[in-house]
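Structure first, then comments.
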Amino acid sequence: MSSASTQNLQSPQAARSLLVVASDREQIKRYASDLKGLPLKLVRAMDSGPAALKYVASYPVDVVLCDSSLVDTDLIAFLRGLKQSPASRQIPVVITAESADRRMLLQAVSMGCAGLILKPYQGATLHKHMSTALSMAAGNEQEAGGLRQAKDLLASGHVDDAIREFEDIVRTQDQSEAYYMQGLEHLRKGEYGEAIACFHKAVQINTLFAEAYEAMARAFEAKGDRQSSRMFLKKAAQVHAEFQRLEQVKELFVEVMAEEPDAENPFLLLGNKLYNGRDFQGAAQAYENAIKLNPNDAWARFHLARVRWMLGHRNKAVELLESCLAMRPDFPEAQRLLIQVKNTSWATIDTERL
């Protein structure tokens with residue numbers, strides 16, 4: 001089933017485009033009824049997840065409303081598909097479902113879900129979640145405003161003016177990792193609304209910076225400065241890589257939360273997973289969060305010291321190990337590592353002995 005008809009749920013002025021993905025026609029009719037009064041314009045109703053992904057790749061959509069009654073994919077796979085495409089990763093998605101266990105809820109939040117509503121539900125509940133999604137869509141538009149203006153300058157041939165606009169955008173400090181880590185802390189506490197907001201902000205920042213760097217590369221290419229063009233293309237690639245890394249950190253944390261729901265310090269378990277995957281930067285941040293959660297966790301300090309040393313932060317590693325041994329004098333692993341760190345100036349650890 002696919003409907004190309006457009007249905008206004010309010011005045012078409014300033015209405016944001018809505019894509020509905022559901023196989024139940026009665027459910028679609030109920031959506032239309034429940035959402036009256038919101039500035040939304042239903043541009044498409046589809047029952048296929050893959051078809052919906054193709055649609056958003058070609059046509060701009062502001063908000064997606066998805067029911068669990070998809071005929072050819074599950075909700076998490078659909079959300080993951082949206083997240084993997086730069087064209088759709090920022091689109092707020094509200095889901096209605098028959099049921100949801102804790103793992104599904106955590107996965108939905110980590111995949112960028114703006115709201116998950118269990119059926120049967122009250123119309124006011126859907127109205128509330130869609131209002132939140134609209135606010136997120138408005139934030140996307142605001143973030144993109146300056147970038148669009150700079151791109152327009154570039155397209156009209158005002159290359160130097162465009163470069164100055166791009167420089168203003170990328171001059172802002174990138175805090176995406178901080179937002180990701182805040183989101184993980186909210187997930188740990190079960191504060192799903194706050195987690196959604198943090199993850200959405202992190203994606204906004206990553207997308208904005210990547211697009212700005214790519215546009216700067218085109219601007220310098222237009223000026224004949226290929227060296228600067230290559231440099232900004234490299235920066236754009238680094239932003240994309242960092243986005244993928246942080247997304248993987250988030251998914252690993254969801255695994256920890258689902259597999260160890262009673263874990264006292266899930267950040268310690270996350271750090272261990274990241275360390276075993278040789279993401280030492282991510283492991284360091286996770287261990288830092290573990291220490292914030294429990295300042296008296298000697299094992300967290302030990303693991304952070306090990307990672308800091310591997311990252312070349314020898315003095316910090318010594319400081320952490322000494323504080324660790326002050327807490328637990330009888331800690332042979334920390335004693336052995338402290339001797340090893342003090343006696344070598346290069347980052348090598350015999351992990352088999354630890």
Side-chain angles (χ1 to χ4, degrees), residues 1-10 12-25 27-28 31-32 35 38-96 108 111-115 130 133-134 136-152 154-155 199-200 203-204 206-215 217-218 233 236-237 239-240 243-244 247:
M1 176 192 66
S2 178
S3 172
S5 62
T6 296
Q7 179 178 355
N8 294 325
L9 304 180
Q10 198 192 39
Q13 282 82 12
R16 297 199 174 274
S17 56
L18 169 67
L19 170 67
V20 168
V21 188
S23 61
D24 187 340
R25 290 180 180 272
Q27 181 65 58
I28 295 172
Y31 286 155
L35 297 177
L38 287 176
L40 285 165
K41 181 174 63 176
L42 177 59
V43 296
R44 196 83 171 184
M46 315 181 78
D47 64 358
S48 165
L53 292 175
K54 288 182 180 179
Y55 183 85
V56 297
S58 302
Y59 302 98
V61 171
D62 293 313
V63 183
V64 171
L65 179 54
C66 180
D67 186 60
S68 59
S69 61
L70 298 180
V71 297
D72 52 6
T73 188
D74 63 69
L75 289 173
I76 301 305
F78 177 67
L79 287 170
R80 183 172 285 111
L82 287 173
K83 182 68 68 177
Q84 289 174 345
S85 171
S88 58
R89 66 172 55 136
Q90 291 194 76
I91 300 174
V93 184
V94 174
I95 289 171
T96 58
M111 288 293 107
C113 174
M130 291 301 290
L134 281 168
M136 295 171 71
N140 292 346
E141 182 67 21
Q142 185 177 4
E143 289 283 346
L147 181 61
R148 186 170 56 251
Q149 181 179 350
K151 287 182 175 180
D152 289 343
L154 179 60
F199 293 143
H200 188 76
V203 173
Q204 279 184 331
N206 272 289
T207 302
L208 181 69
F209 273 65
E211 290 188 13
Y213 282 131
E214 289 168 356
R218 293 196 299 273
L233 280 177
V239 172
H240 285 301
F243 171 79
Q244 294 299 329
E247 286 292 295

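Side-chain atoms are counted along with the backbone in the values below, which use heavy atoms only and exclude waters and symmetry mates.
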Going by side chain to side chain contact (heavy atoms under 4.5 Å, CB included), name the residues that satisfy it together with Ala51, two or more places apart in sequence or in a different chain.
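So Ala51 forms a side chain to side chain contact (heavy atoms under 4.5 Å, CB included) with Met46, Ser48.
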Quick one: side chain to side chain contact (heavy atoms under 4.5 Å, CB included) partners of Asp152, sequence neighbours excluded?
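Counting only residues at least two positions away or on another chain, Asp152 forms a side chain to side chain contact (heavy atoms under 4.5 Å, CB included) with Arg148.
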Using the side-chain hydrogen bond (donor to acceptor under 3.5 Å, both in side chains) criterion, which residues pair with [X]? Sequence neighbours excluded.
X	result
Glu214	His240
Asp74	none
Ser17	Asp62

[X] versus [Y]: any side-chain heavy-atom pair under 4.5 Å?
X	Y	result
Leu75	Cys66	yes
Thr207	Phe243	no
Leu18	Leu38	no
Pro39	Leu134	yes
Arg44	Val61	no

Heavy atoms only: give me the nearest [X]-[Y] pair and the separation to one decimal.
X	Y	answer
Ala22	Ile28	O-CD1, 3.9 Å
Ile95	Cys113	CD1-SG, 4.1 Å
Arg16	Ala138	NH2-CA, 3.7 Å
Leu42	Val20	CD1-CG2, 3.5 Å
Pro92	Ala133	CG-O, 3.4 Å
Ala137	Val63	CB-CG2, 4.2 Å

Sequence neighbours left out, what pairs pass ring-ring contact (aromatic ring centres under 6.0 Å, His included) with at least one residue falling in residues 62-95?
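Not a single pair qualifies under ring-ring contact (aromatic ring centres under 6.0 Å, His included).
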Please identify each residue that fulfils ring pair (Phe, Tyr, Trp, His ring centres under 6.0 Å) with Tyr55, with sequence neighbours left out.
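Listed in chain order: Tyr59.
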Suppose the criterion is salt bridge (charged side-chain N to carboxylate O under 4.0 Å, His left out): which pairs have a residue in residues 76-86, not counting sequence neighbours?
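Checked against salt bridge (charged side-chain N to carboxylate O under 4.0 Å, His left out) - neighbours excluded - the pairs reaching residues 76-86 are Arg80-Glu251.
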Evaluate the side chain to side chain contact (heavy atoms under 4.5 Å, CB included) criterion for residues Leu65 and Leu40: first the C-alpha distance (whole Å), next the side-chain angles of each, then the deciding distance (0.1 Å), finally the verdict.
CA-CA 11 Å; Leu65 179 54; Leu40 285 165; over 6 Å; no
